[in-house]
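These numbers come from the heavy atoms of this one structure, side chains and all, not from hydrogens, waters or symmetry mates.
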Amino acid sequence: MTRGIFIAGNESALSRAIEAETEKRVERFAAALIPNRLTGALAANTVKISANANEKRMCLDWNPSSPISARTLILAAENRLDRIDEAILVCSPPSVRCGAADLPLADAEILVNDHIKGWYFLVKELAAVFSSRKSGILSLAYHDVPAAKKDDTADLLGPSALAFFRAFTQGLLAAAHNEPYITVGFSCSDAGNEEAFSSFVFKSLDEVNRRSNGKLHRFGKLNFFK
């Protein structure tokens, strides 16, 4: 039976690499991308979402700040895929580099709503689906970004969103043994090595079993063999 794979995250090099690996394994998959709603110069620092879906990628609308949208999104993904067997949540938040005094309050709220609250709402809906079916794989992947150099403009919000996702992943992994579905995490410490990391993610997913439940798989120069 074809794997029903659902991917969610913002447009980034990591999400594109995850999608490329997915295309090697299935005839179609569903993807929901966090919209770029930042304003002014901050919007110019983020990657724009491509509106064109390829033959295998079915793009679904998602408003991460809305719990109703999360529910609608999962229903739409199940309708398009027949069922969601694997959900891969990809966190690679945009950089917001500016001085604290220059940070638009609207953009701070957007980052919190889309890149923090949105994950809560989405995981809640996925957990409900997997729990009722008593099967499924929830995967959370993130790229640990090195700290900025002293002469760089500070990224005020991106690391905060990433820190939340990391902590959220750890919490979900800790609770995974009480759930009827499998939860696994993936972290990468190698910047610019998204393709190899994505291959590592899917190699691990191809071999996943109940003993994998609650495990964080680390990829990087120091952790490649862990």
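Separation of atoms OG1 (T22) and CD1 (I7) is listed at 3.5 Å; rounding is to 0.5 Å. Atoms CG and CZ, from L173 and F168 in turn, are 10.5 Å apart once rounded to the nearest 0.5 Å. Interatomic distance, R83 CZ to N79 CG, rounded to the nearest 0.5 Å: 14.0 Å. For the atom pair S199 OG and E194 CD, the distance stands at 13.5 Å (nearest 0.5 Å). One distance of note links CG of L111 with NZ of K117; it measures 13.0 Å at 0.5 Å rounding. Here the CD-CD1 distance, from E125 to I68, works out to 10.0 Å after rounding to the nearest 0.5 Å.
Between Y181 and F130, the angle of the ring planes lies from 30° to 60°, which puts this pair in the tilted group.
Contact record, S198 with A17: OG-CB, 3.1 Å, taken as the closest heavy-atom pair. Heavy-atom minimum distance, S131 versus E179: OG-OE1, 3.8 Å. Closest approach of L122 to A8, counting heavy atoms only: CD2-CB, 3.6 Å. Across all non-hydrogen atoms, the minimal contact from P35 to D114 is O-OD2, 4.0 Å. Among all heavy-atom pairs drawn from A108 and L103, the shortest one is CB-CD2, 4.2 Å.
S212 places a side-chain N or O within 3.5 Å of a backbone atom of N209 that can act as its donor or acceptor partner. Of the possible donor and acceptor atoms, none in the side chain of K134 sits under 3.5 Å from a partner among the backbone N and O of P180. Using a distance-only test at 3.5 Å, with no hydrogens or angles considered, a donor-acceptor pair links the side chain of R133 to the main chain of I84. Although no hydrogens or angles enter the test, the distance criterion places a donor-acceptor pair under 3.5 Å between the side chain of N213 and the main chain of T183.
Around the CZ atom of R28, the shell of radius 6.0 Å holds more than 12 heavy atoms that belong to other residues, nucleotides or ligands. Around the CD atom of E207, the shell of radius 6.0 Å holds more than 12 heavy atoms that belong to other residues, nucleotides or ligands. Within 6.0 Å of CZ on R210 lie more than 12 heavy atoms contributed by other residues, nucleotides or ligands. Within 6.0 Å of atom CG in D61, 12 or fewer heavy atoms from other residues, nucleotides or ligands are found, so the atom counts as exposed in its surroundings.
Within the 4.5 Å cutoff, no side-chain heavy atoms of I18 are placed close to those of S15. Put simply, the side chain of L33 does not reach to within 4.5 Å of the side chain of W62, judged on heavy atoms. Between H115 and P64, every side-chain heavy-atom pair lies at or beyond the 4.5 Å cut-off. Residues F6 and E78 are not in side-chain contact: their nearest non-hydrogen atoms beyond the backbone lie 4.5 Å or more apart. Side-chain contact between E19 and F29 is present, with heavy atoms from C-beta onward closer than 4.5 Å. Side-chain contact between F186 and L205 is present, with heavy atoms from C-beta onward closer than 4.5 Å. No side-chain heavy atom of N36 sits under 4.5 Å from any side-chain heavy atom of E11. Looking only at side-chain heavy atoms (C-beta outward), N10 and P94 come within less than 4.5 Å of each other.
A salt bridge links K24 with E21; the closest basic N to acidic carboxylate O contact falls under 4.0 Å. A salt bridge does not link R218 to D144: none of the charged nitrogens lies less than 4.0 Å from a carboxylate oxygen.
Between F165 and W119, the ring centre distance stays below 6.0 Å.
The cluster map of Ile, Leu, Val, Met, Phe, Trp and Tyr, joined by side-chain heavy atoms under 4.5 Å apart, puts Y142 and Y120 in the same cluster.
Residues satisfying the ring pair (Phe, Tyr, Trp, His ring centres under 6.0 Å) test with F197, not counting sequence neighbours, are F219.
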Intermediate values then yes/no, side chain to side chain contact (heavy atoms under 4.5 Å, CB included), L81 and I5: CA-CA 8 Å; L81 296 171; I5 298 180; 5.9 Å; no

